[in-house]
Amino acid sequence: MTPIEASAPGKLMLFGEHAVVYGYPSIVTAVDQRIYAKAESVAAKTFSVIAPEVEMPEYSKSVEDVGNGQIPRSVEFLERLYARFRAKYPQAQGISVTTRSEFSSKFGFGSSSAVTAAFAKALNELYSTNMTEQEMFDLCYKTVLDVQGVGSGFDLAAAIWGGTLYYVKPAKVVEQLRIDELPLVVGYTGIKADTASIVNRVKAEKEHGPVVDGIFDQVGALVEIAKTAILAADWRLVGELMTQNQALLEELRVSSPELDILIDAADAAGAYGAKLSGAGGGDCMIAVTDVHKKEDVERGIASAISIQGTMKAGQVIHVHTHAQGARIEG
Ligand code: MEV
């Protein structure tokens, strides 16, 4: 069989992070930086990974042992996906998968979900299993839960369906928002967020009293207005709603000094509004701007990064939004 290469995009959360974990709606967009997975059926009964960009560039084990024993974190999503795929489609045997990425796993663009989706797409083609997008999502989502235990699956939905999605977990609602590109500027703080610990802290506070539920109700209502504003391409209103969403995230105490500095810099440079994107605590912030102000906002963010000692690895990331979902390459 000839090798099959598939790719899937990274994502940015536009509205509704954290609340989405508890069944509230969210809005996510796929970005045009992708992860690639090339799958090749091999005669040997082995599962091998070649991933030059991760700590463990080469890895191999018997197909019979896939999913068992100690699995290095850097290959865990691929291996657990293959275990689940084989449980469903036992004709899948020896396989070699080679991955490459157009973005750093530190950005918070959802590299784990994107690589899982790209591998699933390649396997679907390689073994002609005719999975629908929903079936592919279910397989990948179970894999993500195997590895992480938590997660709303919004990043997987972006990786599989692409575009800009109104999403309710676990892909209970996946609605494509039919728009052109969103005028976004992205600033990376240079600090890797610890998503699991932030999600767990929010969970503990939610169980402790009604405050978090009150915040999530407001986020949910705001997402509905944001959906209408995005569909109307009313970027000024979208920006204002981002600022409101950020205020609610600050009440949840998931923002960070670095995110706040970049958000303030975007506002000062004339953005319509800005917020963190993802779990908080680091990773990226996003700002919505008028197209004519985009460069000013980028310069404002870059200059804020350059004067902060804590943001040495920070940068403005140039991406296009509303990118295509998982696809076969070549
Ligand atoms: C993290 O990128 C976004 C969260 O809402 C978690 C999730 O949705 O899985 C905090």
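Since the model is a prediction, treat every value here as computed from it, not as a measurement. In each ligand, atom 1 is the first atom listed, and ligand 1 is the first ligand listed.
Looking at E17 next to ligand 1, no N or O pair under 3.5 Å apart turns up. Polar contact with ligand 1: present for S152 (N/O pair, distance under 3.5 Å).
Of the protein's heavy atoms, F154 CE2, 3.6 Å lies nearest to atom 3 (C) of ligand 1. Closest protein heavy atom to atom 5 (O) of ligand 1: H18 N, 2.8 Å. Nearest to atom 1 (C) of ligand 1 among the protein's heavy atoms is A279 N, 3.5 Å.
Side-chain contact annotation: E240 with Q244, donor-acceptor N/O pair under 3.5 Å absent.
Close approach of ligand 1 to V20 (heavy-atom distance below 4.0 Å) involves ligand atoms 5 (O), 8 (O). When each atom of ligand 1 is checked for a heavy atom of V21 under 4.0 Å away, the hits are 5 (O), 6 (C), 7 (C), 8 (O). Atoms of ligand 1 found under 4.0 Å from any heavy atom of G151 (numbered from 1 in listed order, with element): 9 (O).
Under a cutoff of 6.0 Å and an axis angle of 45°, K206 and Y22 form a cation-pi pair.
In this pair, Y82 and F47 present their aromatic rings parallel. The plane angle is below 30°, not in the 30 to 60° band.
The closest donor-acceptor contact from the side chain of E135 to the backbone of T132 lies under 3.5 Å.
Here E53 pairs with nothing under the side-chain hydrogen bond (donor to acceptor under 3.5 Å, both in side chains) rule; sequence neighbours left out.
Identified under the ring pair (Phe, Tyr, Trp, His ring centres under 6.0 Å) test for residues 301-329, with sequence neighbours left out: none.
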